[in-house]
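In each ligand, atom 1 is the first atom listed, and ligand 1 is the first ligand listed. All of these numbers come straight from a predicted model, not from anything done at the bench.
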Amino acid sequence: MNKVYLASKIQTDSILDGDGLRSVIWFQGCSHNCEGCHNPETHKFNIGLELELEDVYKMIDELENQDGITFSGGDPMFQPEAFLEILKYVKEKGYNVWCYTGFLYEDLLKLRPIYKEILSYIDVLVDGPFILSEKSYSVKYRGSKNQRLIDIPKTLKTGKVVKYAD
Ligand code: SF4
């Protein structure tokens, strides 16, 4: 898989999508259909910016003064092969990695083996769908209270979900 569909170019200097100053890579495509989703324009598949992975790597190379990279969308888990390759590149560059997904961590482990490999490159996973009735402005970095901030290295090591923060 040498191509990826992104919803836009990389966004830089975000302080809303994880700790520190971060760049956000917005993936195109999501079929979770959460009621009240803030990014409905990212739901359709195979539209948006169709990029070679090399083009994404070049954009990553151009980043300056960023503490980490956050993957959001859409849902990056719907393009797992391309996502995995980009994650490898980003980790090789030493970036801290956060990822937003509408899937639950436990379900990802059951769905496809590639998801376990993907998770091994992620530091913090923000998991679960946005649930309108649980919408909250008091939970940091999330839209609704059901979503969890999961410390993935600790979770993979211990075999049980370890929260990064509440
Ligand atoms: S997972 Fe995210 S992008 Fe997808 S529908 Fe839910 S809130 Fe929207």
Checklist entry - With respect to Asp123, which candidate in Asp151, Ile150, Asn96, Ile152 satisfies the side-chain contact (heavy atoms from CB on, under 4.5 Å) definition? => result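 The side-chain contact (heavy atoms from CB on, under 4.5 Å) with Asp123 is passed solely by Asn96 among Asp151, Ile150, Asn96, Ile152.
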
Checklist entry - Looking at ligand 1, does His38 have a heavy atom less than 4.0 Å from it? => result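 Contact check His38 vs ligand 1: negative.
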
Taking [X] first and then [Y], would you say they form a salt bridge - that is, a charged N and a carboxylate O separated by under 4.0 Å?
X      : Y      : result
Arg22  : Asp17  : no
Arg148 : Asp166 : no
Glu81  : Arg112 : yes

Next on the checklist: Any heavy-atom pair between the side chains of Lys163 and Leu149 that's under 4.5 Å?
Outcome noted: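 When only atoms from C-beta onward are counted, Lys163 and Leu149 do not touch, as no gap falls below 4.5 Å.
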
Item to check | Ring geometry between Phe78 and His32 (parallel below 30°, tilted from 30 to 60°, perpendicular above 60°) | outcome: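 Answer is tilted, since the angle falls between 30° and 60°.
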
Checklist entry - So which protein N/O/S atoms does atom 6 (Fe) of ligand 1 have within less than 2.8 Å? => result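 Hits for atom 6 (Fe) of ligand 1 below 2.8 Å: Cys34 SG.
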
Next on the checklist: Checking Tyr164 now: which residues fulfil ring-ring contact (aromatic ring centres under 6.0 Å, His included) with it, not counting sequence neighbours?
Outcome noted: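 With neighbours one apart ignored, the set is Trp98.
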
Checklist entry - Taking only heavy atoms of His43, which atoms of ligand 1 are found under 4.0 Å from at least one of them? => result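 In order of numbering, the contacting atoms are 5 (S), 8 (Fe).
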
Item to check | Which residue and heavy atom of the protein sit nearest atom 2 (Fe) of ligand 1, plus the separation | outcome: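 Minimum-distance protein heavy atom for atom 2 (Fe) of ligand 1 reads Gly74 O, 4.3 Å.
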
